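Report on one structure; see the data block that follows.
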Amino acid sequence: MVEQDFIPKYNYKLTIESGKFTWQSPSNIALVKYWGKKEHQIPKNPSISFTLNTCKTTTTLKFEKKEVPTELFSFDVFLDGKKQDDFKPKIETFFKQIESYLPFLKEYHFVIETSNSFPHSSGIASSASGMSALALCLMSIEKKLNPDITQEYFNKKASFLSRLGSGSACRSIEGDLIFWGIHKEIGGSSNLFGIKYPYQVHNNFKNYQDTILLVDKGEKQVSSTVGHNLMHNHPFAQQRFEQANNNISKLIEVFKTGNLKSFIEIVESEALTLHAMMMTSLPYFMLMKPNTLKIINAIWSFRNQTGLHICFTLDAGANVHVLYPENEIKQVLKFIQNELVAHCQNGHYICDRIGFGAKNLQLNTEY
Ligand code: DP6
């Protein structure tokens, strides 16, 4: 599919005066990281993520036809019931990016009411869950205007639109393992939207656990857009993009065979490479905190002592995602509580696990 396939070809069959839709969309955690992008949110390398279950955004989009059409976008945003004008520029930019794909946007006034299952200042990025929840609400309007849309098109376009809001958001529409970006061994893969990982996945990865240790809840030191831009003219960029492609090839085998040892090696190397890229760019950044390193070292020694399959990954911040298989929950949680929670800010952590994607709360379905 190409961009043009997401532009409605005919005028919508129906009209709608007003209404509201509510979607709940999860966050996701990348195993192979997206870091570096071209124009129009096209990734420099493919990425793959676990969709999460507990960390999510719920968004209600109310819409009402303007009495007099205007050339401006018209909307208000509320977070947890409070007007949030500082979210407006990001949403305005998003609307501009997606306007040609949703030609009805300027016909309505929107009220966007959003809330996150995780605390606002937890250092957990809400852009993936937030942008995908909003994109899904907008797709529900499109479906109302054109009821012939298939579920497959609905999901693809929701992912396509989410990507234009925030790259990683395109991996939050479905679950449980989502692939984004073109890779030669993954049929149907696209730079434009995420797809469900199409090959065999061993039972070892079913209901995989992710306990998120909140090491630093402060504002991000580097915004993702600034971060991605650091990969332009980065001395190691080309090798990094190749490495990501190779890691995907290795993961295809790992998912088939259930080889947890190799899984751990790839996932931890990806996390450290992401941070290595930040440390070796100009300007350079160090987003890990002393407690991030303490946690990583504790995980390594616990793994050596017990032979359990616990590992970590990181996103562009100091928090640590602790990943482990379902059958090791008991021992790993005990270890986390006894040894790792002490390194979390105010002892805060979130127990999450693999999830299956966004939910339409009106219909209580995935469509
Ligand atoms: C480190 O999706 O937040 O989490 O496209 O600029 O919104 P934008 O970036 P964003 O970048 C996520 C980067 C990452 C890795 C990943 O999720 O793959």
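All values reported here derive from a predicted model rather than from experimental measurement. Position 1 is the first residue of the sequence; numbering continues from there. For ligands, and for the atoms within them, numbers begin at 1 and follow the listed sequence.
Annotation: ring pair (Phe, Tyr, Trp, His ring centres under 6.0 Å) contacts of Tyr197 (sequence neighbours excluded): Tyr199, Phe255. For Phe236, the ring pair (Phe, Tyr, Trp, His ring centres under 6.0 Å) criterion is met by His234, not counting sequence neighbours.
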Between ligand 1 and the protein, give all atom pairs where both partners are nitrogen or oxygen and the distance is under 3.5 Å, as lines of names plus distance to 0.1 Å.
unit_1, atom_1, unit_2, atom_2, d
ligand 1, 2 (O), Ser166, OG, 3.3
ligand 1, 2 (O), Ser168, N, 2.8
ligand 1, 2 (O), Ser168, OG, 2.7
ligand 1, 3 (O), Ser224, OG, 3.4
ligand 1, 5 (O), Tyr34, OH, 2.6
ligand 1, 5 (O), Lys37, NZ, 3.4
ligand 1, 5 (O), Gln41, NE2, 3.2
ligand 1, 5 (O), Gly167, N, 2.7
ligand 1, 6 (O), Lys37, NZ, 2.7
ligand 1, 6 (O), Ser224, OG, 3.1
ligand 1, 7 (O), Ser166, OG, 2.7
ligand 1, 9 (O), Ser224, OG, 3.2
ligand 1, 9 (O), His228, NE2, 3.0
ligand 1, 11 (O), His228, NE2, 3.0
ligand 1, 17 (O), Arg171, NH2, 2.8
ligand 1, 18 (O), Tyr34, N, 2.9
ligand 1, 18 (O), Arg171, NH1, 3.0
ligand 1, 18 (O), Arg171, NH2, 3.2

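Leu340 approaches Ala298 most closely through the heavy-atom pair CD2-CB, 3.6 Å.
A salt bridge links Glu270 with Arg240: at least one charged nitrogen is closer than 4.0 Å to a carboxylate oxygen.
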Show me, pair by pair, the donor-acceptor contacts under 3.5 angstrom made by side chains of residues 39-50, not counting sequence neighbours?
unit_1, atom_1, unit_2, atom_2, d
Gln41, OE1, Lys37, NZ, 2.6
Gln41, NE2, Arg163, O, 2.8
Asn45, ND2, Lys33, O, 3.0
Ser47, OG, Arg171, NH1, 2.8
Ser49, OG, Arg171, NE, 2.8

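By the neighbour-count criterion of 12 heavy atoms within 6.0 Å, atom NZ of Lys65 is densely surrounded, having more than that number from other residues, nucleotides or ligands.
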